[in-house]
Amino acid sequence: MRRRSVLAIPLAAPLLLPASAVRARGIAEDLRHGGYVIYMRHAETFASPEPTLGDFRDCLWQRNLTPAGKAQAEATGEHLRKLGTRYSRVWSSPFCRCRDTAQLVATRVAEQTEDLLYHVTQTPNQQTAGVERLRILLSNREPGGRVTLLVGHAPPFKSLTGIGLAEGRGAIIRPRQTKEFDIAGYVDATGVHAR
């Protein structure tokens with residue numbers, strides 16, 4: 001008598017997420033409870049030079065957001081809204097590209113602050129002072145379950161952390177007070193990502 005072979009079909013294994021996806025999910029849930037700072041580099045801009053500083057109210061001399069940059073900022077804001085992120089303060093560099101990014105992400109007008117200003121014409125002392133002001137901003141925890149959104153430029157953040165943020169990418173910061181903080185993850189137009 002001939003035996004028929006029986007094909008063994010394994011039971012469905014539970015779906016296991018990569019560790020980075022689990023961490024990203026945890027960060028996303030934590031944002032809802034507040035206490036974080038999001039430092040974002042302005043969204044994608046046109047590649048035009050800015051040899052000198054002018055009147056910040058006039059956007060014509062500045063590098064401004066491309067249509068793709070506007071869509072990028074809107075998508076990032078939508079991801080954060082879906083997570084239930086509530087903002088205490090929304091601050092930006094005075095540059096139009098930063099103000100526009102902040103407004104598209106948070107759907108409200110940002111307060112402008114020189115503490116987030118950066119330009120290649122600044123002296124080394126001005127740049128160093130700006131990095132120290134940024135350190136203070138990143139280490140301050142907002143109470144009441146809210147998040148602070150800061151929109152600025154890549155060089156000060158890179159000087160402070162060694163991390164170069166691409167246009168439209170934000171670092172999710174966990175403040176530890178006393179001028180210290182941890183980078184918990186990142187956010188961009190595709191969602192929240194673990195570090």
Side-chain angles (χ1 to χ4, degrees), residues 31-45 50 53 55-59 62-65 69-70 72-81 83-119 122 126-161 163-189 192:
L31 280 171
R32 208 172 293 124
H33 303 297
Y36 285 83
V37 175
I38 298 174
Y39 180 85
M40 208 173 161
R41 182 183 178 189
H42 58 78
E44 180 184 294
T45 57
E50 287 174 339
L53 287 176
D55 182 350
F56 287 116
R57 293 171 297 182
D58 178 9
C59 297
Q62 302 179 43
R63 242 176 59 223
N64 294 303
L65 298 185
K70 291 176 183 176
Q72 186 182 42
E74 288 172 345
T76 302
E78 185 61 25
H79 282 297
L80 291 167
R81 276 188 293 286
L83 295 174
T85 305
R86 296 175 303 145
Y87 302 102
S88 55
R89 305 201 66 178
V90 178
W91 287 342
S92 81
S93 160
F95 279 91
C96 293
R97 59 184 172 269
C98 297
R99 296 188 333 240
D100 292 346
T101 298
Q103 184 161 2
L104 290 166
V105 171
T107 65
R108 72 185 215 210
V109 176
E111 298 175 62
Q112 297 173 50
T113 176
E114 298 279 326
D115 288 348
L116 295 170
L117 177 65
Y118 169 80
H119 195 263
Q122 288 177 308
Q126 288 172 320
Q127 291 178 13
T128 299
V131 169
E132 284 309 305
R133 289 192 301 272
L134 179 58
R135 182 190 305 275
I136 292 167
L137 289 173
L138 295 179
S139 62
N140 285 326
R141 181 185 301 270
E142 286 289 333
R146 299 197 179 254
V147 170
T148 300
L149 176 65
L150 308 174
V151 180
H153 309 269
F157 190 78
K158 186 170 185 180
S159 292
L160 182 59
T161 65
I163 297 167
L165 292 173
E167 288 183 321
R169 188 162 174 90
I172 301 170
I173 308 293
R174 185 181 298 116
R176 289 197 282 142
Q177 304 300 338
T178 64
K179 297 186 182 181
E180 294 182 8
F181 56 86
D182 299 309
I183 299 173
Y186 299 96
V187 63
D188 59 26
V192 171

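- Listed here is the closest heavy atom pair of Ala102 and Ser92: CB-CB, 4.2 Å.
- Side chain of Gln72 to backbone of Glu167: a donor-acceptor contact under 3.5 angstrom is found.
- Between Tyr118 and Pro156, the shortest heavy-atom distance links the atoms CB-CG, 3.8 Å.
- At least one donor-acceptor pair under 3.5 Å links the side chain of Gln127 to the backbone N or O of Gln122.
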Problem - Step-by-step side chain to side chain contact (heavy atoms under 4.5 Å, CB included) determination, Ile183 to Thr161 - result: CA-CA 9 Å; Ile183 299 173; Thr161 65; 4.2 Å; yes

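- Residues Ile163 and Tyr186 meet the side-chain proximity criterion, which asks for heavy atoms closer than 4.5 Å.
- Between Ile173 atom CD1 and Arg141 atom CZ the span is 12.0 Å, to the nearest 0.5 Å.
- Arg176 places none of its side-chain heavy atoms less than 4.5 Å from the side chain of Ser139.
- Between Arg108 and Tyr87, the closest heavy-atom pair is NH1-O, 3.4 Å.
- Listed for the Thr148 side chain is no donor-acceptor partner under 3.5 Å among the backbone atoms of Val37.
- Between Leu116 and Leu137, some side-chain heavy-atom pair lies under the 4.5 Å cut-off.
- Checking side-chain atoms of His153 against main-chain N and O of His42 turns up no donor-acceptor pair under 3.5 Å.
- In terms of heavy-atom proximity, Leu104 sits nearest to Glu74 at CD2-OE2, 3.6 Å.
- Between the CE atom of Met40 and the CG atom of Leu150 there is a distance of 11.5 Å, given to the nearest 0.5 Å.
- Between Cys59 and Arg99 the shortest heavy-atom distance is SG-NH2, 4.2 Å.
- Using modelled atom types, no side-chain atom of Arg86 and backbone atom of Arg146 make a donor-acceptor pair closer than 3.5 Å.
- Residue Lys179 holds its NZ atom at 10.5 Å from CG of Asn140, rounded to the nearest 0.5 Å.
- Under the 3.5 Å distance criterion, with hydrogens and angles disregarded, a donor-acceptor pair is assigned to the side chains of Arg63 and Thr45.
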Exercise for the section: Show your working on side chain to side chain contact (heavy atoms under 4.5 Å, CB included) between Val192 and His79 and close with a plain yes or no. Expected result: CA-CA 8 Å; Val192 171; His79 282 297; 5.8 Å; no

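- Atom CG of Asn64 and atom CD of Glu50 lie 8.0 Å apart (nearest 0.5 Å).
- Applying the ring-ring contact (aromatic ring centres under 6.0 Å, His included) criterion to Phe157, with sequence neighbours excluded, gives Tyr39.
- Separating the CZ atom in Arg41 from the OG atom in Ser93 is a distance of 12.0 Å, to the nearest 0.5 Å.
- Leu80 places none of its side-chain heavy atoms less than 4.5 Å from the side chain of Leu149.
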Handout entry: Pair Thr107-Arg81, side chain to side chain contact (heavy atoms under 4.5 Å, CB included): steps then yes or no
Key = CA-CA 10 Å; Thr107 65; Arg81 276 188 293 286; 3.4 Å; yes

Practice task
Under the side chain to side chain contact (heavy atoms under 4.5 Å, CB included) rule, what do Asp115 and Ile136 come out as? Steps first, then yes or no, please.
Solution key: CA-CA 10 Å; Asp115 288 348; Ile136 292 167; over 6 Å; no

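- Counting heavy atoms from C-beta on, the side chains of Val151 and Cys98 come closer than 4.5 Å.
- Of all non-hydrogen atoms in Ala110 and Trp91, the two that sit nearest each other are CB-C, 4.2 Å.
- Using modelled atom types, no side-chain atom of Arg174 and backbone atom of Ala184 make a donor-acceptor pair closer than 3.5 Å.
- Formation of a donor-acceptor pair under 3.5 Å by the Gln62 side chain with backbone atoms of Asp58 is found in this model.
- Using bins of under 30°, 30° to 60° and over 60° for the plane-to-plane angle, the ring pair His119/Phe95 lands in the parallel bin.
- The CD atom of Glu180 lies 8.5 Å from the CZ atom of Arg135; values are rounded to the nearest 0.5 Å.
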